[in-house]
Amino acid sequence: MAETKPSVKPATSVQVKKSNNAISLLAPVVCVIAGYLIWRFLLGSASNFTKPGTGAFWPNHEGPKTALSKMYLGGIIVPILIGCFLTVITFVIERFLTISKANGSGNNADFIRKVQYHLANKNVDAAIAECDKQKGSVGNVMKAGLHRYKEMISNSELTTDQKVLAIQKEVEEATALELPMLEKNLVFLSTIASVATLMGLLGTVLGMIRSFSALGEGEGGGDAASKLSVGISEALYNTALGIGTSAISIIFYNMFTTKIDGITYGIDESGFTLTQSFASLYK
C-alpha cells in the first residue's frame, strides 16, 4: 500500500469581507447631480442676478451680484466640477474612516513587540488577546496567523518547515483579504486628480470661445472689450475650480497611500514575526 504524505490543510480561518461596489459607483453619480442642483438653484438663483434669464435647465442670467453667482456664468462644466469636488470630499471621508479603523487601536510597532514577548514565553493565548485589543488590519492578520500557529504546535504529522509554510500561507491569505479593503476607492481620487484639471481647462476654453463669439457679433469699442474681460474672468472660474479639486485629490491620495504603506509594512512584519518565532521555538 502506497504511503500517503501529510498535507497542509487548505482551509483558512480568515473570513471573506463583503463590500458593496454599487454604493461606490453610485456615489459619483449622486455627487454630480448634487453639483448640478447647487449650480442651477443656489449659484444660479434668479435673485443673484440683475437680469434674470429664462429656461429650466440653463437660464441665461446676466449681471451677477456676487462672486459665487459669477461662477454660474462659467458654463455647464461648472456643475460637473462641483460634482467632482463633492466626490473627492465623499471618498476622503470614507477612506479616512476606513483607514483609521484599519490602523488599529494602538501603535502597530508596540503591538508587534507585545506579541513577540508573549510568543517568546510560549503564551499564544495572550498574543491572541493582544490581537483582540489591537484590531485593525495588522491585528486581524496576526490573529489569523496565530490561530494557525497554535494548531501547528500540536501537529505531529508535519515537519517544522511544513508548519512554517502553513503559518506563512495563512498570513498571506489574510493579507490578500485585507489589502483590497485598504486600497478600495482610491482609484476615484487618482482619477479625479488627473481629470479635474483637464475638465477645468475645457470649461475655460468653452467659455472663452463663447466670449470671443459674442465680441465678434458686437460693434467693438470699449464696451466690447469690457464684456470680453468679464467673459474671460467668468471662464477662468472653471480653471480655478478644476485645479483646486485636483490639488485636494492629490494631497489626500498621497496621504492615504502613505498610511496604507505603513499598515502594509506592519502586516509584513507580523508575518515575519510569526514564522521566525515558530522556527526558533519549535524546531
Side-chain angles (χ1 to χ4, degrees), residues 17-45 48 57-58 64 66-104 136-137 177-208 232-265:
K17 295 184 178 181
K18 297 180 179 179
S19 59
N20 195 340
N21 290 327
I23 297 177
S24 298
L25 296 176
L26 186 62
V29 176
V30 173
C31 288
V32 170
I33 294 174
Y36 170 77
L37 294 177
I38 292 172
W39 173 78
R40 170 63 181 85
F41 297 104
L42 182 61
L43 303 181
S45 173
N48 291 333
F57 180 74
W58 186 0
T66 64
L68 287 177
S69 56
K70 288 181 180 180
M71 189 182 297
Y72 172 84
L73 300 180
I76 197 61
I77 300 296
V78 173
I80 299 176
L81 289 170
I82 295 175
C84 289
F85 178 76
L86 294 176
T87 301
V88 169
I89 297 300
T90 299
F91 286 117
V92 162
I93 295 173
E94 186 270 337
R95 284 295 86 194
F96 179 79
L97 295 175
T98 300
I99 293 176
S100 297
K101 183 179 178 180
N103 204 39
S137 294
L177 295 176
E178 288 289 335
L179 291 183
M181 293 300 298
L182 296 176
E183 298 172 352
K184 181 183 176 184
N185 294 334
L186 285 181
V187 65
F188 288 101
L189 296 182
S190 62
T191 301
I192 291 175
S194 302
V195 172
T197 303
L198 298 177
M199 291 293 295
L201 291 175
L202 175 61
T204 300
V205 170
L206 294 177
M208 293 181 72
I232 293 175
S233 174
E234 293 165 351
L236 289 175
Y237 275 98
N238 288 277
T239 303
L241 190 55
I243 292 175
T245 301
S246 178
I248 293 173
S249 299
I250 292 171
I251 290 171
F252 281 101
Y253 178 83
N254 290 334
M255 185 182 76
F256 290 143
T257 52
T258 300
K259 287 182 176 293
I260 291 172
D261 289 342
I263 294 173
T264 303
Y265 176 79

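We use all heavy atoms of the structure for the numbers below, so side chains are in, but hydrogens, waters and symmetry mates are not.
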Show me the side-chain donor-acceptor pairs of residues 193-200 shorter than 3.5 Å, one per line, residues at least two apart or across chains.
from: S194; atom 1: OG; to: S190; atom 2: O; distance (Å): 3.4
from: T197; atom 1: OG1; to: S246; atom 2: OG; distance (Å): 3.3

Find out whether Y72 and W58 are in side-chain contact, i.e. whether some heavy atom of one side chain is under 4.5 Å from a heavy atom of the other. yes
The criterion is side-chain hydrogen bond (donor to acceptor under 3.5 Å, both in side chains); which residues satisfy it with E183, sequence neighbours excluded? none
So, do T98 and M181 sit near enough that their side-chain heavy atoms are less than 4.5 Å apart? no
Rounded to the nearest 0.5 Å, what's the gap from CE on M255 to CD1 on I260? Could you check? 10.5 Å
Start with the C-alpha distance between V78 and M71, add both sets of side-chain angles, then the distance that settles side-chain contact (heavy atoms from CB on, under 4.5 Å), and finish with yes or no. CA-CA 7 Å; V78 173; M71 189 182 297; 3.9 Å; yes
Which of parallel (below 30°), tilted (30 to 60°) and perpendicular (above 60°) describes Y36 and F41? perpendicular
Does the side chain of N238 come within less than 4.5 Å of L202's, by heavy atoms? no
Interatomic distance, CD1@I76 vs CG@L81, rounded to 0.5 Å, equals 11.0 Å
Flag, side chain of S45 to backbone of N48, donor-acceptor distance under 3.5 Å: no
Straight-line distance of N185 CG to L25 CG, nearest 0.5 Å: 8.5 Å
For the backbone of L182 and the side chain of R95, can you confirm whether one donor and one acceptor N or O come within less than 3.5 Å of each other? yes
Restricting to non-hydrogen atoms, name the atom on M208 and the atom on A235 that form the minimum distance, rounded to 0.1 Å. N-CB, 4.0 Å
How far does OG1 of T191 sit from CG of L186, to the nearest 0.5 angstrom? 10.5 Å
Separation of I99 CD1 from K184 NZ (nearest 0.5 Å): 12.5 Å
Between T257 (side chain) and N254 (backbone), is there a donor-acceptor pair under 3.5 Å? yes
Return the OG1 to CD1 distance between T87 and I80, rounded to the nearest 0.5 Å. 11.5 Å
Report yes if some heavy atom in the side chain of L201 is under 4.5 Å from a heavy atom in the side chain of T239; otherwise report no. yes
All pairs passing ring-ring contact (aromatic ring centres under 6.0 Å, His included) where residues 232-252 contributes a residue, at least two apart: none
